[in-house]
Amino acid sequence: MHRFFTARENISGDQVVFPQGDGEHIHRVLRLRAGERVHVHDGEGTRFLVELTEVGRQGVRGVVLGREGHDTESPLRVHLGQALLKGQAMDGVIRRAVELGTASITPVTAVRCQVPEKAARGKAERWQDIARAAARQSGRSKIPPVHEAVSLAAYCEQHAGADLKLIFWEEEAATRLRDLKEAPASVALCIGPEGGFDAAEVAAARGSGFIPVSLGPRILRAETAPLVAIALVQSLWGDL
Ligand code: SAH
């Protein structure tokens, strides 16, 4: 069954109008026809079973046959603060973080980032589109937000309220995730850039209540570390 997200305003009564992008995808790529059924998610936890009534260049419409609560969100709210990465690496991290059930993603600037902050400005919309596509593909009931890039200090401040706050540091962190005994409902993660965090950044984050943690004796690539970190916290306290 193909899955789509749609804004609630596109569903009135039992009538569904697909926005242009999804309509073209249904018509030209998937080549679905009137009479076929799809799932439409409203991004707020409801899934609609929809039968297509009109598929064509003029647009795609459908009728709601049923609705049900649909929740694939993790009980653990994982917030990823990811230092800006070069090239396409950030796209891949966002896509996979969404598949792993991350609740929000914030690109973060760090001293050793090799990407200027202004390069991230124009990408927010593209990254949100990637998150949307990944949420659709992985059957998420919500599309996690990808926020504007902020400084590491601002990210730490914004997540002051998280139950558990972790900064991943390959240099001197002695703590492992399994040493943390509490069972948090929300966790904020900080992952560094290709060159890693510098000691002053880690000290500042520690001052904001972030615990430096290790992912073992091997250095993981900047695009591997967030996925391992998310998988581990989801396994320990979430739903993996
Ligand atoms: N400075 C490193 C590379 C940094 S890896 C070097 O020697 O080239 C990029 C980021 O991944 C780090 O900032 C950290 O957040 C995370 N990371 C990678 N391996 C890690 C490990 N073994 N423990 C904790 N964090 C790690």
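In this text, all values refer to a predicted model and were calculated from it rather than measured experimentally. Indexing begins at 1, ligand by ligand and atom by atom, following the structure's order.
Annotation: side chain to side chain donor-acceptor pair (under 3.5 Å) contacts involving residues 149-169, sequence neighbours excluded, are absent. Within the structure, no pair that satisfies the side chain to side chain donor-acceptor pair (under 3.5 Å) test touches residues 191-208, not counting sequence neighbours. Every pair passing side chain to side chain donor-acceptor pair (under 3.5 Å) that includes a residue from residues 96-117 is listed here, sequence neighbours excluded: His79-Ser104, Lys86-Gln114, Glu117-Arg121.
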Present, as a list of atom pairs with distances to 0.1 Å, all nitrogen or oxygen contacts under 3.5 Å between ligand 1 and the protein.
{"residue": "ligand 1", "atom": "1 (N)", "partner": "Glu170", "partner atom": "OE2", "Å": "2.9"}
{"residue": "ligand 1", "atom": "1 (N)", "partner": "Gly195", "partner atom": "O", "Å": "3.2"}
{"residue": "ligand 1", "atom": "13 (O)", "partner": "Gly192", "partner atom": "N", "Å": "3.3"}
{"residue": "ligand 1", "atom": "15 (O)", "partner": "Phe168", "partner atom": "O", "Å": "2.7"}
{"residue": "ligand 1", "atom": "15 (O)", "partner": "Gly192", "partner atom": "N", "Å": "3.0"}
{"residue": "ligand 1", "atom": "19 (N)", "partner": "Leu220", "partner atom": "N", "Å": "2.9"}
{"residue": "ligand 1", "atom": "22 (N)", "partner": "Gly216", "partner atom": "O", "Å": "2.9"}
{"residue": "ligand 1", "atom": "22 (N)", "partner": "Arg218", "partner atom": "O", "Å": "2.8"}
{"residue": "ligand 1", "atom": "23 (N)", "partner": "Leu215", "partner atom": "N", "Å": "2.8"}

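No donor-acceptor pair under 3.5 Å is formed between the side chain of Ser186 and the backbone N or O of Arg77. Put simply, the side chain of Arg136 gets close to the backbone of Arg3: a donor and an acceptor are under 3.5 Å apart.
Under the 30°/60° scheme for interplanar angles, the aromatic rings of His41 and Phe5 are found to be tilted.
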